[in-house]
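Keep in mind it's a predicted model, so treat the numbers as computed, not measured. Just so you know, ligand 1 is whichever comes first in the structure, and atom 1 is the first atom listed for that ligand. Any value given below was found using the heavy atoms of this structure, including those in side chains, with hydrogens, waters and symmetry copies removed.
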Amino acid sequence: MNTRTYAVIGWPLGHSLSPIIQQAAFDAAQLDATYVAIPTPPGHEQRRFDEVRKGDLSGLNVTIPHKNPAFHAMDFLTEAASSLGAVNTIIYENGKLKGDNTDLQGFLDSLQTFGKFDPVGTNAVVLGAGGAARAVVHALATCQPESVLVANRTLRRAQELATSVTEIRGTTIQASTLDTDQLEAQLSKSTLLVNTTSVGMAGGPEPDKSPVNPSWLHKNLLVFDIVYRPTTTPLLHAAKSTGAKTLGGLEMLVLQGAASFKQWTGENPPLDAMFSAGWAAVSSNQPTGAP
Ligand code: ATR
């Protein structure tokens, strides 16, 4: 049997960690497969989808800016992809292209397994309103928290995201900017704070800053920063010094990748090998990049 080829497509792809983590998984599972990064400019993604149909590629991860075009190009979608309007994993199933979004599962699995956190009935704050925030807010909303405040530099984007999930029964979802009394008040009663902005990310716009006023943090919080490089961001550093519990972004990255691996192969993902490869890569000095 021929070696199977899987790939991540995006533009720009930078130093994506997915090839390192997925290749470690295929090797540990002793599957005859390679996983490559294919930088794909906007407008050229359809060619990649066709390659999956033809069998030249066995499956894809999709990242910015192709998550939405992929959503429109699939034959069918999972519930997660359909609720987010974005696809990050393409599976070829019974002659059809299936689009999934494993960000949602990756977030919930890491929150529960590594954060030991159950969102039911809790108050939470999500910083940011981009694609990652969308996955986080939709994931939280499925767990029936009491309230979620989406706080973002650009209020309009936070409002749009909050409005997109208000149909969830029993949860209040509100929006604010990053410097309001409303955010301070919500944080004081919250037990979960999730950062999805690129503030604090190595190579990002403000690598030395916390996205939120550090004096608003407290010891009853789980602070989850989905940024994975550096492993301790300025936000996590500030959180640790208040005695809050912390969780970095590598767990979510590996677990969303593990969910893709499971869909493509049907096998249980070799998590130890995936984490070892991921930790080694984030501890190296490479600049950051796409998932
Ligand atoms: P992704 O899809 O990865 O979430 P994105 O859509 O580019 O990426 O979103 C990046 C997030 O980081 C946004 O919430 C952005 O805020 P805006 O909506 O106001 O652009 C936030 N962000 C980026 N740079 C920021 C900065 N310097 N200060 C505060 N927030 C910032």
Between E251 and S110, a side-chain donor and acceptor under 3.5 Å: no
Winner among I64, D103, L161, T154 once heavy atoms are compared against atom 3 (O) of ligand 1: I64
Protein contact of atom 7 (O) of ligand 1 - nearest heavy atom, named by residue and atom, plus distance: R157 NH1, 4.9 Å
What are the atoms of ligand 1, with element, lying closer than 4.0 Å to any heavy atom of A132? 1 (P), 2 (O), 4 (O)
Restricting to heavy atoms, the pick from G130, S198, G128 nearest atom 9 (O) of ligand 1 would be G130
Do the two ring centres, one from F261 and one from Y6, sit under 6.0 Å apart? no
Below 4.0 angstrom from a heavy atom of A129, which ligand 1 atoms are there? Numbered from 1 as shown, please. 14 (O)
Geometric N/O contact T196 with ligand 1, under 3.5 angstrom: no
Could you walk me through whether T191 and N220 pass the side-chain hydrogen bond (donor to acceptor under 3.5 Å, both in side chains) check? CA-CA 6 Å; T191 48; N220 296 331; over 6 Å; no
Interfacing atoms of ligand 1 (cut-off 4.0 Å, heavy-atom, G131): 1 (P), 2 (O), 4 (O), 6 (O)
Check whether any side-chain heavy atom of T122 sits under 4.5 Å from a side-chain heavy atom of L192, and report yes or no. no
Below 4.0 angstrom from a heavy atom of N152, which ligand 1 atoms are there? Numbered from 1 as shown, please. 13 (C), 14 (O), 15 (C), 16 (O), 17 (P), 18 (O), 19 (O)
For atom 25 (C) of ligand 1, state whether the nearest protein heavy atom is under 4.0 Å away. yes
Report yes if the side chains of I226 and N195 come closer than 4.5 Å at any heavy-atom pair, otherwise no. no
Answer with yes or no whether P211 contacts ligand 1, where contact means a heavy atom under 4.0 Å from a ligand atom. no
With no hydrogens and no angle check, just 3.5 Å: does a side-chain donor-acceptor pair link Q186 and N123? no
Is the shortest distance from atom 20 (O) of ligand 1 to a protein heavy atom below 4.0 Å? yes
Please list, in number order, the atoms of ligand 1 under 4.0 Å from a heavy atom of P205. 24 (N)
Under 4.0 Å between a Lys/Arg side-chain N and an Asp/Glu carboxylate O for R53 and D75? yes
Heavy-atom check, side chain of T171 versus side chain of S147, under 4.5 Å: no
Taking atom types as modelled and ignoring hydrogens, do the side chains of T78 and D100 form a donor-acceptor contact shorter than 3.5 angstrom? yes
The atoms of ligand 1 lying under 4.0 Å from a heavy atom of E206, numbered in the order shown, are 26 (C), 27 (N), 28 (N)
Is atom 28 (N) of ligand 1 less than 4.0 angstrom from at least one protein heavy atom? yes
Mode of T197 contact toward ligand 1 - side chain, backbone, both, neither (heavy atoms, under 4.0 Å): both
If the threshold is 4.0 Å, N to carboxylate O, is there a salt bridge linking R47 and D56? no
